[in-house]
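Model, not experiment: these values are computed from the prediction. So that the names make sense, note that chain A is the first sequence line, chain B the second, and so on, each numbered from 1. The figures that follow rest on heavy atoms only: side chains count, while hydrogens, waters and symmetry mates do not.
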Amino acid sequence: MQNELVVYNSLNRKKETFTPLEEGYIGMYVCGPTVYSDVHLGNCRTFTSFDVIYRYLLYQGYKVRYVRNITDVGHLEGDTDIGAEDKISKKARLERLEPMEVVQRYTNGFHDMMRIFNNHSPSIEPRATQHIIEQIEMVQAIIDNGLGYVKNGSVYFNTVKFAKSNAGYGKLSGRIIEDLVAESRDDLKHQDEKNHPSDFAIWIKADPSHIMRWNSPWSEGFPGWHLECSAMSTKYLGKTFDIHGGGNDLKFPHHENEIAQNHGACGCAPARYWLHTNMLLMNGKKMSKSDGNSITPEELFTGDSPHVSKGYSPMVIRFFMLQSHYRSTLDLTDDALLAAEKGYRRLMEGNQILQKLDGATGSTDASLDQEIRAAIAGCVADMNDDFNSPKALAGLFELVSKVNSLKAGHIAMSEISAETLDALKQHFSDFIYTIFGLKDDTHAGDNGNGTMDGLMQLIIDIRQNARATKDWGTSDKIRDSLKALNIVLKDGKDGTNWVKE
RNA sequence: GGUCGGUUGGCCGAGCGGUUAGGCAGAGGUCUGCAAAACCUCGUACAGCGGUUCGAAUCCGCUACCGACCUCCA
């Protein structure tokens with residue numbers, strides 16, 4: 001049984017016992033999106049993974065400050081730091097918008113999508129453009145500490161010098177600085193002002209056409225991509241904090257450079273535990289905006305895509321994500337989604353049945369009672385083991401079988417104690433709603449004040465009367481007509497349930 | 001080319017030294033007015049070849065294939 005929380009720390013490539021810097025409090029920074037276009041599903045998976053982590057930490061009673069940034073300047077497009085264009089800037093130019101219009105539009109879209117997937121908002125969501133001063137100060141500190149150099153108004157981080165320090169460069173991503181030259185593909189070797197190919201820009205002088213620019217001691221320009229995370233994590237979480245997260249593809253160079261900058265400016269490592277989520281694949285390949293192998297969340301919801309046979313609800317997709325571990329790649333296929341949809345419904349219906357169960361009279365010594373308590377503890381242990389949601393979910397499904405057996409009368413209510421039944425109800429709903437962040441949409445259409453449920457109960461009663469008088473015509477008409485409305489009736493020993501499909 | 005990771009039954013996906021993962025699909029059975037649902041039982045999977053071990057899907061080596069990063073991406 002895993003009683004203490006263990007997390008996989010990318011920094012050391014192994015699982016470590018998690019101990020926060022300050023007991024009871026956790027500072028967590030997750031790299032947010034660059035808001036230059038619509039969110040894509042891969043982002044959703046990453047932020048959903050961290051949402052579950054955040055939720056679990058809260059569930060464990062920690063006070064968590066969860067910081068997730070919005071990158072709205074500095075993220076360049078192109079091969080080198082020099083001459084490349086800022087993503088926001090480019091989009092603004094192409095669409096003839098103010099850069100902040102671009103930022104606002106896609107930030108709104110991002111927030112909407114996070115809400116649709118039922119992700120909690122972070123505690124603080126800082127933007128890079130709101131922290132230009134902090135970034136300039138950080139650049140100055142890096143220069144003052146001898147790790148930055150100025151070339152024609154731009155400032156670069158001296159990775160070669162930093163690599164010789166105790167902290168070293170490349171620990172997170174396992175890179176060796178000498179190799180970074182040799183390893184680079186030939187077409188990436190245009191290195192203009194930099195002293196060394198692995199050096200990177202922390203302040204970039206804006207060329208005349210560039211529309212996003214700020215004054216600085218070095219030039220009118222803008223901050224480098226990696227800098228905002230260093231500056232903002234330091235500002236809101238301190239020089240050293242507990243967890244830093246992000247997608248796997250950010251390990252290098254983004255996170256590696258963040259670490260270098262924090263060392264360069266503050267003299268210490270930023271985060272103690274680095275958590276990286278793995279990629280969402282589609283049909284075996286990384287989902288990517290650039291190569292067309294992608295599906296938007298909207299297309300997935302409506303089914304308007306050649307990649308899927310039908311639409312899937314946001315909660316089905318969330319469930320689908322929960323079924324794999326955050327550090328594993330997840331392959332999105334229509335078959336897998338179809339299976340997830342059924343699994344999701346089974347879980348939700350299981351909970352509905354469970355919450356209506358009563359009449360437990362057993363003792364806490366009974367074997368079923370102990371089995372259920374062990375399963376409950378097992379789910380918590382699974383989450384303690386590096387947030388193993390698929391394993392915890394498996395535990396929940398075993399409980400669903402027990403619940404269904406109790407409901408069907410295959411297991412007598414006298415085999416479970418009232419205390420255990422209450423604990424099970426509480427635990428089950430804690431897991432699916434509070435920790436996993438699922439919502440039950442199997443009764444969609446209910447407006448919250450019970451109208452739908454009341455109507456359905458009336459219809460079910462009428463059908464029950466028809467069945468009692470063997471009026472199969474009426475009974476089947478009701479069932480078939482509802483089926484045409486995607487409402488399915490499920491007859492059981494003691495009554496009929498309904499779900500919306 | 002360099003670095004890292006993966007290859008599990010029809011599909012998805014846990015496990016990572018000895019115990020049933022789980023979901024979906026499939027087969028048989030129970031229940032039911034019929035159907036659905038539910039419950040029970042079942043398949044005996046771990047890329048290949050060597051090695052370590054009393055014992056390996058799990059550790060080591062080699063081979064094959066796939067992927068990620070080294071450009072932009074979560």
Side-chain angles (χ1 to χ4, degrees), chain A residues 13 30-34 36-37 39-50 75-80 84 87 170 173-176 179-188 197-198 225 245-254 276-281 284-291 294 319-320 323-325 327-344 346-347 349-350 353 382 388-398 400-411 467 470 472 475-476 479-480 483 488-493 496-497 499:
Chain A
R13 281 160 223 220
V30 173
C31 288
T34 299
Y36 67 104
S37 68
V39 237
H40 76 131
L41 257 189
N43 284 273
C44 298
R45 145 109 132 149
T46 292
F47 300 130
T48 300
S49 294
F50 281 107
H75 203 152
L76 300 179
E77 203 159 67
D79 282 350
T80 64
K87 281 171 181 259
S173 57
R175 262 156 248 255
I176 300 165
D179 294 349
L180 285 171
V181 195
E183 287 168 9
S184 285
R185 295 190 321 234
D186 287 343
D187 58 328
L188 300 179
S198 67
W225 171 35
N248 219 210
D249 50 354
L250 293 180
K251 249 189 213 168
F252 190 88
H254 185 61
H276 287 98
T277 56
N278 217 134
M279 299 295 100
L280 181 65
L281 311 180
K285 281 199 175 153
K286 181 182 173 180
M287 261 201 186
S288 167
K289 287 183 199 175
S290 49
D291 67 11
S294 74
F319 173 86
F320 170 69
Q323 268 192 312
S324 79
H325 188 91
R327 277 191 293 118
S328 299
T329 52
L330 172 60
D331 195 5
L332 185 101
T333 60
D334 195 51
D335 283 347
L337 252 13
L338 242 18
E341 182 169 61
K342 297 208 173 161
Y344 164 73
R346 181 172 158 82
L347 188 67
E349 287 164 34
I353 290 166
D382 294 334
N388 197 332
S389 61
K391 209 169 171 210
L393 216 38
L396 254 26
F397 274 108
E398 285 179 16
V400 169
S401 293
K402 298 293 177 211
V403 166
N404 283 330
S405 290
L406 284 164
K407 160 97 180 336
H410 295 138
I411 298 177
R467 292 178 75 199
K470 296 196 194 304
W472 308 128
S475 154
D476 290 352
R479 186 173 68 198
D480 297 344
K483 176 79 177 143
V488 179
L489 296 183
K490 298 186 174 182
D491 295 329
K493 265 220 156 53
T496 299
N497 280 347
V499 291

So, using side-chain contact (heavy atoms from CB on, under 4.5 Å) as the criterion, who are the partners of [X] when residues are at least two apart?
| X | value |
| --- | --- |
| A:Lys483 | A:Val488, A:Glu501 |
| A:Glu349 | A:Arg345, A:Gln352, A:Lys490, A:Val499 |
| A:Thr333 | A:Asn283, A:Asp331, A:Asp335, A:Ala336 |
| A:Lys407 | A:Ile353, A:Leu357, A:Asp494, A:Asn497 |

Ring pair (Phe, Tyr, Trp, His ring centres under 6.0 Å) against A:Phe47, all qualifying residues, sequence neighbours excluded: A:Phe110
Considering residues at least two apart in sequence or located in another chain, which fulfil the ring pair (Phe, Tyr, Trp, His ring centres under 6.0 Å) criterion with A:His276? A:His255
Scoring nucleotides 17-30 of chain B by protein non-hydrogen atoms under 4.0 Å (B base, S sugar-phosphate only, - none) yields ----BBBSS-----
Let me have RNA chain B in dot-bracket notation, would you? Count Watson-Crick plus G-U wobble pairs, both distances under 3.5 Å, and use [ ] for pairs crossing earlier ones and | for inter-strand partners. (((((((..(((.....[...))).(((((.......)))))....(((((..]....))))))))))))....
With sequence neighbours left out, what residues match [X] under side-chain hydrogen bond (donor to acceptor under 3.5 Å, both in side chains)?
| X | value |
| --- | --- |
| A:Asn404 | none |
| A:Ser389 | none |
| A:Ser49 | none |

Counting heavy atoms from C-beta on, name the nucleotide in B:A38, B:A14, B:C40 closest to the side chain of A:Ala408. B:A38
Atom pairs under 3.5 Å, N or O on each side, protein against nucleotides 7-9 of chain B: can you list them with distances?
none

